Each structure stands twice: as structure tokens, then as C-alpha cells.
Peer 1: 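Below you will find the structure I want to go over with you.
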Amino acid sequence: MDLSSLQRFLGRNAVDVAPELLGWTFYTTIGDARTAVTLTEVEAYMGADDPASHAYRGLTPRTAPMFEAGGLIYVYFVYGMHFCANIVTGIEGEAQAVLMRGGIPIAGVEVMAKRRGRTTNLANGPGNLAQALGLTTANSGWPIDGSLIGLEPGQPPERIATTRRIGISKATDRSWRFVADA
DNA sequence: ATACCGATTGCCT
DNA sequence: GGCAATCGGTATA
């Protein structure tokens with residue numbers, strides 16, 4: 001999907017965009033290898049009004065991508081060993097992003113298996129998904145323009161389960177996690 | 001300058 | 001179910 005169409009789709013609240021991204025294909029072409037997954041699990045993170053968001057305390061070098069207009073990715077490093085990737089949404093100045101927590105490998109499976117060091121559970125969990133796609137903080141802020149990173153619409157899931165977000169200690173009451181159910 | 005802790009994962013019991 | 005691994009970001013002095 002081209003960048004302008006994508007910006008139109010992503011230029012809305014992460015909470016609204018997140019469930020609509022289920023079934024979409026997210027892909028990367030890193031190290032000459034194209035890898036792609038169908039998104040099955042996502043979470044929405046907002047900005048100044050979301051204590052669980054990295055952007056809650058304002059713009060910093062790390063979170064800068066979250067404050068841009070939708071259409072790029074935000075990748076962060078956590079627990080001293082894992083990377084997690086987000087699709088930035090919303091308008092410029094209002095930090096919002098959708099954390100990709102799980103997907104079904106559909107292209108470049110061999111490469112993903114090599115990166116993961118295993119052949120199963122390649123892209124379940126945010127850290128695993130980012131690793132399978134070859135994403136690190138070096139890629140944070142990169143545009144989703146279809147060149148090295150891209151996004152394509154797909155078959156929406158029949159049913160979507162909505163739950164609380166995983167692994168956070170603040171704003172735990174918000175049900176902003178969306179999981180494809182079939 | 002120093003301390004604390006996390007949008008996690010995989011191995012161990 | 002419990003817990004160690006491991007380090008950058010953010011807070012506190």
C-alpha cells in the first residue's frame with residue numbers, strides 16, 4: 001500500500017486502527033531478505049493520556065517516532081535483550097502507536113527461522129515477531145512506504161477478542177489488546 | 001553519578 | 001507457576 005493511502009488509514013487513533021490491522025500483512029526487506037507476517041495480535045498505546053505508553057512523559061529521542069504522523073515504525077529495546085516494533089498512527093504531535101504482538105509467518109519463513117534459531121513459534125510475542133522480521137532500534141523511525149518496510153490490507157478475522165494489555169503495570173484497566181479469533 | 005525497572009522470553013521446577 | 005538474563009532510559013541526589 002502506498003504511503004499516502006497508508007497515512008490516511010493510519011492517521012487516526014491507535015485504539016481505532018489497532019483492531020482493523022488484524023489480518024493485514026506487515027513485511028520487511030532487511031539484509032536482502034523479504035519476510036512477512038499476517039498480524040494476529042496487536043495493542044494500542046496512546047500518548048499524554050496513557051500512563052502505560054512510552055510517550056506518556058513527553059517527546060524524547062527514543063520515542064520521537066511516536067510523535068510523528070502515522071506511517072512509520074517505532075522500535076524499542078527492552079529487558080536488555082528484546083526489541084519490539086510498533087506501527088505509528090495518529091497525527092503529528094499526538095503520540096500514538098500499535099504494538100505488533102503476534103503474527104503468522106507467510107514469507108521468508110526460512111530466514112525467520114534462522115533469525116529465531118528455531119522453526120516453531122516464529123512470530124508469537126512482540127520480541128519474537130520483531131526478531132523474526134529483523135527489526136532493531138536501528139530501524140526505529142523508518143517509513144512504511146513499501147520499500148524496506150510495508151503494510152498491505154488482508155482478510156479481517158471473523159471475530160476479534162478484546163482484552164487488557166499484557167506486561168504493563170499502569171492503566172491496566174484499558175482493554176486495548178486485540179487478538180484475531182480465527 | 002547512581003539506582004531502579006521495564007509494552008519479554010525461555011528454561012527450570 | 002517461578003525466575004534469571006541483561007542494559008538503556010528515566011528518575012533521584
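Predicted model, so just to flag it, every value in this text is computed and none were measured.
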Peer 1: Under 4.0 Å between any heavy atoms, over every strand shown, what does A:Y79 touch: base, sugar-phosphate, or nothing? Just pick one.
Peer 2: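 Base contact.
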Peer 1: Which part of the nucleic acid does A:R116 contact within heavy-atom distance under 4.0 Å: base, sugar-phosphate only, or nothing?
Peer 2: sugar-phosphate
Peer 1: Would you say the side chain of A:W176 lies within less than 4.5 Å of the side chain of A:L99, judging by non-hydrogen atoms?
Peer 2: no
Peer 1: Would you mind pulling out the nucleotide paired to C:dA5, Watson-Crick or G-U wobble, both distances under 3.5 Å?
Peer 2: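 Paired with B:dT8.
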Peer 1: Choose from B:dG6, B:dT8, C:dA11 the nucleotide whose nearest atom is closest to any side-chain atom of A:S169.
Peer 2: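 Taking heavy atoms from C-beta onward, the closest nucleotide is B:dG6.
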Peer 1: Give the rounded distance in Å between these two atoms: CD of A:E41 and C1' of B:dT9.
Peer 2: 14 Å
Peer 1: Closer than 4.0 Å, any side-chain N/O of A:T60 to the OP1 or OP2 of C:dT10?
Peer 2: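 Yes, within the criterion.
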Peer 1: Nearest whole Å is fine: how far is C:dG8 P from A:F83 CZ?
Peer 2: 10 Å
Peer 1: How long is the line joining CG of A:L129 and P of B:dA7, in whole Å?
Peer 2: 17 Å
Peer 1: Counting side-chain heavy atoms from CB outward, which of B:dG10, B:dA7, C:dG9 is closest to A:R62?
Peer 2: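 Of the candidates, C:dG9 comes closest.
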Peer 1: Quick check for you: among C:dT10, B:dT9, B:dT8, whose closest atom lies nearest to any side-chain atom of A:R101?
Peer 2: B:dT8
Peer 1: With a 4.0 Å cut-off, would you call A:R165 and A:E43 a salt bridge?
Peer 2: no
Peer 1: Which part of the nucleic acid, if any, lies within contact of A:M66, taking any heavy atom under 4.0 Å across all strands shown: a base, the sugar-phosphate backbone alone, or nothing?
Peer 2: base
Peer 1: Is the CD atom of A:E110 crowded by more than 12 outside heavy atoms at less than 6.0 Å?
Peer 2: no
Peer 1: Taking OH from A:Y76 and P from C:dT10, how many angstroms apart are they, rounded to a whole number?
Peer 2: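 Taking OH of A:Y76 and P of C:dT10, I get 13 Å after rounding.
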Peer 1: Return the value, rounded to whole Å, for the distance between atom CD1 of A:I166 and atom P of B:dA7.
Peer 2: 13 Å
Peer 1: Quick one: which of C:dT10, C:dC7, B:dT9 gets closest to the side chain of A:P126?
Peer 2: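 Selected nucleotide (nearest to the side chain): B:dT9.
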Peer 1: From B:dT9, B:dA7, C:dG8, pick the nucleotide closest to the side chain of A:L99?
Peer 2: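 The listed nucleotide nearest to A:L99's side chain is B:dA7.
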Peer 1: May I ask you to say what A:N128 touches in the nucleic acid, namely base, sugar-phosphate or nothing, with a heavy-atom cut-off under 4.0 Å?
Peer 2: sugar-phosphate
Peer 1: Expressed as a whole number of angstroms, how long is the span from A:N121:CG to B:dT8:P?
Peer 2: 16 Å
Peer 1: Taking atom C1' in both C:dG8 and B:dG10, compute the distance separating them and give it to the nearest angstrom.
Peer 2: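 Nearest-Å result for C:dG8 against B:dG10 at atom C1': 22 Å.
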Peer 1: Picking from C:dT10, B:dA7, B:dG6, which would you name as closest to the side chain of A:H54?
Peer 2: B:dA7
Peer 1: Report the relative orientation of the aromatic rings in A:W24 and A:F9; use parallel for angles under 30°, tilted for 30 to 60°, perpendicular for over 60°.
Peer 2: parallel
Peer 1: So, applying side chain to side chain contact (heavy atoms under 4.5 Å, CB included) with A:F178, which one of A:V98, A:V42, A:T163 is it?
Peer 2: A:V42
Peer 1: Looking only at atom P, what distance separates C:dT6 and B:dT2, rounded to whole Å?
Peer 2: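 Straight-line distance between the two P atoms is 23 Å.
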Peer 1: Can you figure out which of B:dG10, B:dA7, C:dC7 approaches the side chain of A:F77 most closely?
Peer 2: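 Closest nucleotide to the A:F77 side chain: C:dC7.
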Peer 1: Looking at the side chain of A:R57, which of B:dA7, B:dG6, C:dA11 is the nearest nucleotide?
Peer 2: C:dA11
Peer 1: Expressed in angstrom and rounded to an integer, what is the separation of A:M81 atom CE from C:dG8 atom C1'?
Peer 2: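 Nearest whole value for this atom pair: 13 Å.
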Peer 1: Hey, are the side chains of A:N128 and A:N121 touching, using non-hydrogen atoms and a 4.5 Å cut-off?
Peer 2: no
Peer 1: Applying a 4.0 Å non-hydrogen cut-off, can you work out what A:R118 is touching in the nucleic acid: base, sugar-phosphate, or nothing?
Peer 2: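 The residue A:R118 makes sugar-phosphate contact but no base contact.
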Peer 1: Would you mind reading off the distance between A:L135 atom CG and B:dA7 atom P, rounded to a whole angstrom?
Peer 2: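 Rounding to the nearest Å, CG of A:L135 and P of B:dA7 are 19 Å apart.
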